[in-house]
Number of protein chains: 2
Amino acid sequence: MTRTPHADWTDSFQGTRALPREVRDRLLKAAHTRRFRKGTEVFGPHNIPDSLFFLLQGSIRVVQTAGNGRDIVLYRVDAGESCVLTTACMLAEEAYNAEGIAETDLTVITLPRADFDRLTAEEPCFRDFVFAAYSRRLIDLLRVVNDVAFARMDMRLAERLLLLAGRDDSLAATHSQLASELGTAREVISRLLHDFQKRGFVAQSRGRIDIADRAALRAMAQAG
Amino acid sequence: MTRTPHADWTDSFQGTRALPREVRDRLLKAAHTRRFRKGTEVFGPHNIPDSLFFLLQGSIRVVQTAGNGRDIVLYRVDAGESCVLTTACMLAEEAYNAEGIAETDLTVITLPRADFDRLTAEEPCFRDFVFAAYSRRLIDLLRVVNDVAFARMDMRLAERLLLLAGRDDSLAATHSQLASELGTAREVISRLLHDFQKRGFVAQSRGRIDIADRAALRAMAQAG
DNA sequence: CGGCCAAGCGTGACAATGTCACCGACGCGC
DNA sequence: GCGCGTCGGTGACATTGTCACGCTTGGCCG
């Protein structure tokens, strides 16, 4: 609980923790700390960082934005993970329209590209870390494709409510925000939540959902 | 047009073409050639190869399979590309349900994992090749998510017909297969094709679609 | 040849989801 | 209190998914 919790941030990451002391010291010199306020765009089509991001504190919501104003959340980057989509898009010059938004205030370690290259070349365990990060995102996206293409909306909503609530019995979210999570329209969420409420699974107030029957939601998330 | 067109396969790939001669010779020793017949499963949940695949000839269709028997095509791996999803899934031990199917007879170069690791460590241009391959797949998947979540089915079908037809005016595909391409049900394809036919965009016969009005399909693929 | 059978396709009825238009309720600043 | 923007509710309709069924085609086999 020090004033500078990232004094040695290399302790916080799988891929850097196991590195030899001298390499870690080199990293500490090369990297910079950067902060983002909640709600800020961390990266986007018009804002591609030239460094690799290590997320020390907070979480980033990665969303895909459609032409007509609809969104869908692809995945979240949590503390201790790195954000590879940005590096992906640094390499592939293709068009894409995903953006990362600070879901909380963030503390980020940025490692310049040259140092990143050097590290991947020299340190096998760091390389594994990077590949594992890519793999996790690929698999996250496979899951999104599967859900969007094949899963019922009530099931997806139930699952997402539980996820967003975490251990709490209540979560702050408007119907619009939930629609953005799942890539659907607000009206659909309103109708489903109305139904959940009638069945006693949740209670609603303006901008807030209370989980009333966690077991029932879990059952719905499993089976549809 | 030799009998052994892959005598030096390192010429066929971005990531290996630029390597020094001695590295390429080492690769030629380490790698093996493998063939798959059209329709064979190249990889899948129960069949994870322990090598990196370089696709020399043919193309692989990567599909995601849902529980209830429905499919969706995620992307295709063409000659000159490598198939990173398999390596992704070697690393991340998570469950996934994508599989690669030989769309034609294949000639594949397989590079054992140890040699792959060594190469990524030592050769920057190979490393770039691998990262670029990951990036391309990530972006392919972003496109799939976008289409499935937000695009109209008639638009997606028109686009896919043009893609599958290539330069030909005709393609061999059943309604079921087209449904698998787009992750929808056969009936939906049947209805849409019936409509396309009534409007004079295509003509149908059993297992075959003829493109009658390419411009109209293109227009539909653009705007919906 | 004739009959059987599986694959391919057509179709109607209904359910789930997306779209559009509109409205009321609530919270906030003036 | 009043105006105003965000949030949520609702009905009508379009699109897409699901289910059940039946017809046709082409191949295979007696």
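Chain letters run A, B, ... following the sequence lines, proteins first, then strands; residues in each count from 1.
At least one side-chain heavy atom of B:I101 sits under 4.5 Å from a side-chain heavy atom of B:E99. B:R206 has its side chain out of reach of B:T174: every pair of non-hydrogen atoms, C-beta onward, lies at least 4.5 Å apart. Between B:L157 and B:L182, the closest side-chain pair of non-hydrogen atoms falls below 4.5 Å. Looking at A:E41 and A:N47, their side chains come closer than 4.5 Å, going by heavy atoms from C-beta outward.
The ring-ring contact (aromatic ring centres under 6.0 Å, His included) check on A:F53 picks up nothing, with sequence neighbours excluded.
OP1 or OP2 of C:dG10 has at least one side-chain nitrogen or oxygen of B:H175 nearer than 4.0 Å.
Donor-acceptor pairing under 3.5 Å is lacking for the side chains of A:R113 and A:S51. When only modelled atom types and interatomic distance are considered, B:D8 and B:T10 share a side-chain donor-acceptor pair under 3.5 Å.
B:M153 has its CE atom 12 Å from the P atom of C:dG18, to the nearest Å. The separation between A:N68 atom CG and C:dG18 atom P is 12 Å, rounded to whole Å. Between B:M155 atom CE and D:dT15 atom C1' the separation is 15 Å, expressed in whole Å. Between B:R156 atom CZ and D:dG17 atom C1' the separation is 13 Å, expressed in whole Å.
Toward the 5′ end of DNA chain D lies the nearest nucleotide of A:R208, the other residue of the pair A:R208 and A:A149 mapping further downstream.
With respect to the salt-bridge test (charged N to carboxylate O, under 4.0 angstrom), the residues A:D213 and A:R199 do not qualify.
Taken residue by residue, residues 178-205 of chain B places heavy atoms nearer than 4.0 Å to DNA chain D at B:T184, B:E187, B:V188, B:R191.
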Please tabulate, one pair per line, each protein N/O and nucleotide N/O from nucleotides 3-7 of chain C that are separated by under 3.5 Å, including the distance.
{"from": "C:dA7", "atom 1": "N3", "to": "B:R206", "atom 2": "NH2", "distance (Å)": "3.2"}

